[in-house]
Amino acid sequence: MTADARLRLAQVFVSVIVFFMFLPWTSEAGDTVSGLEVGEGQFMVLVAVATIVLIRMGNRTSWITIGFAAAIMWRQVVVAVGGAGVVGIGLWLGTLAATIAVV
């Protein structure tokens, strides 16, 4: 796979992360919380948009920002599982997309 194709693929997965912020992240005591209702979810939208801009500019630091985004998503999964909360589909899919974009 060429470097240009890898960048385009990473850009697609990063843009998908933004859509997953609208899906449920956690469910505690019957309340579902979407990604945009959580501070980390809002921050993820900003990081994802910044990463897309960096990829479009051809800047190599975009790999650092997407790695940072994946770390934030995995931290949220660990916190949700450790806090005996139910991890929502949006958080799982967002974590998967961020991990694939890094790889």
Side-chain angles (χ1 to χ4, degrees):
M1 182 181 292
T2 64
D4 195 35
R6 282 192 305 255
L7 283 175
R8 297 289 178 214
L9 189 62
Q11 185 177 356
V12 167
F13 280 108
V14 171
S15 61
V16 168
I17 292 172
V18 175
F19 293 117
F20 291 144
M21 294 303 113
F22 294 102
L23 296 176
W25 264 27
T26 58
S27 176
E28 296 177 5
D31 297 333
T32 58
V33 178
S34 71
L36 290 177
E37 296 173 3
V38 181
E40 287 84 359
Q42 296 168 356
F43 186 63
M44 281 301 303
V45 170
L46 293 176
V47 169
V49 170
T51 302
I52 292 170
V53 169
L54 288 172
I55 289 173
R56 296 294 293 169
M57 289 175 32
N59 197 336
R60 294 182 62 91
T61 58
S62 61
W63 297 109
I64 295 170
T65 59
I66 191 57
F68 181 66
I72 291 172
M73 298 291 279
W74 276 107
R75 179 183 174 273
Q76 283 301 111
V77 168
V78 169
V79 167
V81 170
V86 177
V87 180
I89 188 74
L91 185 55
W92 281 120
L93 291 176
T95 304
L96 178 67
T99 303
I100 291 172
V102 170
V103 172

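Sequential numbering from 1 along the given sequence is applied to the chain's residues. The analysis underlying the following values was restricted to heavy atoms, covering all of them including side chains, and did not include hydrogens, waters or symmetry mates.
Rounded to the nearest 0.5 angstrom, Leu7 CG and Arg60 CZ are separated by 8.5 Å. Distance check, rounded to the nearest 0.5 Å: CE of Met73 to CH2 of Trp92 gives 10.5 Å. Considering CZ of Arg75 and OG1 of Thr95, their distance stands at 12.5 Å, rounded to 0.5 Å. Separating the CZ atom in Arg56 from the OG atom in Ser62 is a distance of 12.0 Å, to the nearest 0.5 Å. Note that CG of Leu96 is 9.5 Å distant from CD1 of Ile17, once rounded to the nearest 0.5 Å.
Hydrophobic clustering (side-chain heavy atoms under 4.5 Å, transitive across Ile, Leu, Val, Met, Phe, Trp, Tyr) keeps Val45 apart from Leu23. Hydrophobic cluster membership is shared by Phe43 and Val77, with clusters built from Ile, Leu, Val, Met, Phe, Trp and Tyr side chains linked at under 4.5 angstrom. When hydrophobic clusters are built by joining Ile, Leu, Val, Met, Phe, Trp and Tyr residues whose side-chain heavy atoms come closer than 4.5 Å, directly or via intermediates, Leu91 is grouped together with Phe22.
For the side chain to side chain contact (heavy atoms under 4.5 Å, CB included) criterion with Phe68, the lone passing option out of Ile66, Ile72, Ile64 is Ile72.
Thr99 places a side-chain heavy atom less than 4.5 Å from the side chain of Trp74.
Heavy-atom minimum distance, Val14 versus Ala48: CG1-O, 3.4 Å. Between Ala97 and Phe20, the shortest heavy-atom contact is CB-CE1, 4.2 Å. Across every non-hydrogen atom of Val102 and Ala70, the tightest pair is CG2-CB, 3.9 Å. Between Met21 and Gly41, the shortest heavy-atom distance links the atoms SD-O, 3.6 Å.
When only modelled atom types and interatomic distance are considered, Trp63 and Thr51 share no side-chain donor-acceptor pair under 3.5 Å.
Residues satisfying the side chain to side chain donor-acceptor pair (under 3.5 Å) test with Arg6, not counting sequence neighbours, are none.
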